[in-house]
Amino acid sequence: MAIALAIALSVYVLVTIISFVVNFAMLADYKGNLNYAAKEMMGVMRESSGADMYTEQRFRDLVRKMGYNPDRITFTATPKPVQREGELEITYRSTYPIWAFKLVGVPEYNMEVKNTIPGVARKLIR
């Protein structure tokens with residue numbers, strides 16, 4: 001009986017550790033993909049001297065193509081027009097559920113994912 005309990009506990013600990021590793025790897029992938037999408041939009045904003053009404057939509061479309069729900073993401077960007085050498089900024093914020101905590105008794109835990117991408121406008125506005 002004690003051996004069976006020890007084996008069950010060992011399996012539980014192993015499954016919990018693997019779950020955390022997988023969950024945090026997925027979190028890192030999520031952060032990386034959001035960062036990629038934001039940098040893509042910054043490239044567009046640099047050439048067009050800021051964000052317009054289509055910038056956020058293009059960001060959300062890119063995030064959707066990556067397989068994520070864009071409704072869970074807050075996106076802000078420096079609006080047009082910004083003169084050449086003017087500062088541009090994209091900020092995104094979201095949460096990511098850490099489901100592995102359920103294995104240790106925490107019913108729901110979300111980690112905040114946020115980042116700011118700086119840039120400089122390249123277009124001279126006359």
Side-chain angles (χ1 to χ4, degrees):
M1 182 70 172
I3 294 174
L5 185 59
I7 291 172
L9 185 58
S10 297
V11 169
Y12 173 75
V13 169
L14 183 62
V15 167
T16 302
I17 290 170
I18 291 170
S19 296
F20 273 99
V21 168
V22 168
N23 202 187
F24 279 98
M26 291 171 67
L27 172 63
D29 189 48
Y30 181 67
K31 286 180 179 181
N33 285 336
L34 289 184
N35 202 38
Y36 171 79
K39 285 183 178 182
E40 285 290 314
M41 292 305 100
M42 180 53 73
V44 171
M45 286 175 56
R46 284 182 183 140
E47 298 303 322
S48 62
S49 295
D52 57 19
M53 61 186 194
Y54 300 109
T55 306
E56 181 176 358
Q57 186 59 46
R58 290 174 69 181
F59 175 81
R60 293 189 179 286
D61 289 344
L62 185 54
V63 168
R64 186 177 293 111
K65 286 178 186 175
M66 292 176 179
Y68 303 115
N69 181 359
D71 297 333
R72 295 181 41 214
I73 303 165
T74 303
F75 177 88
T76 57
T78 307
K80 284 184 178 181
V82 177
Q83 190 60 270
R84 181 170 50 185
E85 302 300 320
E87 293 181 8
L88 300 171
E89 186 176 271
I90 290 176
T91 302
Y92 63 83
R93 181 181 299 252
S94 182
T95 58
Y96 191 83
I98 306 298
W99 46 263
F101 277 112
K102 291 181 181 180
L103 296 173
V104 293
V106 177
E108 185 174 328
Y109 184 80
N110 293 310
M111 287 193 71
E112 185 175 37
V113 175
K114 62 181 177 179
N115 197 6
T116 299
I117 308 295
V120 177
R122 294 182 180 162
K123 186 176 179 183
L124 178 64
I125 301 170
R126 297 179 190 239

* Asked: So do the side chains of Pro97 and Arg72 get within less than 4.5 Å of each other, counting heavy atoms only?
  -> yes
Worksheet item: Is the shortest heavy-atom distance from the side chain of Asn110 to the side chain of Phe101 under 4.5 Å?
Response: no
Determine, using the 4.5 Å side-chain heavy-atom cutoff (strictly less than), whether [X] and [Y] are members of one ILVMFWY cluster.
{"X": "Tyr30", "Y": "Leu62", "value": "yes"}
{"X": "Val11", "Y": "Ile3", "value": "yes"}
{"X": "Tyr54", "Y": "Met41", "value": "no"}
{"X": "Leu5", "Y": "Val13", "value": "no"}
{"X": "Met42", "Y": "Val120", "value": "no"}

Grab the two heavy atoms, one from [X] and one from [Y], that are nearest each other, plus how far apart they are.
{"X": "Asp52", "Y": "Lys80", "result": "OD2-NZ, 3.4 Å"}
{"X": "Phe59", "Y": "Ala38", "result": "CE1-N, 3.6 Å"}
{"X": "Ala77", "Y": "Ile90", "result": "CB-CG1, 4.1 Å"}
{"X": "Phe75", "Y": "Thr55", "result": "CZ-CG2, 4.3 Å"}

Atom [atom1] in [X], atom [atom2] in [Y]: separation rounded to 0.5 Å?
{"X": "Asn35", "Y": "Glu40", "atom1": "CG", "atom2": "CD", "result": "11.0 Å"}
{"X": "Thr16", "Y": "Leu14", "atom1": "OG1", "atom2": "CG", "result": "8.5 Å"}
{"X": "Asp71", "Y": "Arg60", "atom1": "CG", "atom2": "CZ", "result": "6.5 Å"}

**Item:** Pair Arg64 + Asp61: basic N to acidic O under 4.0 Å
**Value:** yes
Go through the side-chain N and O atoms of Ser94 and Tyr68 and say whether any donor and acceptor fall under 3.5 Å apart. no
Residues at least two apart in sequence or cross-chain that pass side chain to side chain contact (heavy atoms under 4.5 Å, CB included) with Thr116, listed by chain then number, are Glu89, Thr91
Sequence neighbours excluded, the answer for side chain to side chain contact (heavy atoms under 4.5 Å, CB included) partners of Leu27 is Phe24, Lys31, Tyr96, Ile98, Met111, Val113
Q) Given the rule in the side chain to side chain contact (heavy atoms under 4.5 Å, CB included) test, do Leu88 and Arg46 qualify, once you have shown the distances and angles that lead to the verdict? A) CA-CA 8 Å; Leu88 300 171; Arg46 284 182 183 140; 4.2 Å; yes
By salt bridge (charged side-chain N to carboxylate O under 4.0 Å, His left out), Arg122 pairs with (sequence neighbours left out) Glu47
- Task: Would you check, one step at a time, whether the test side chain to side chain contact (heavy atoms under 4.5 Å, CB included) holds for Leu34 with Ile73?
- Result: CA-CA 9 Å; Leu34 289 184; Ile73 303 165; 3.5 Å; yes
Using a cut-off of 6.0 Å, state whether more than 12 heavy atoms not belonging to [X] lie near its atom [atom1].
{"X": "Tyr12", "atom1": "OH", "result": "yes"}
{"X": "Glu112", "atom1": "CD", "result": "yes"}
{"X": "Lys123", "atom1": "NZ", "result": "no"}

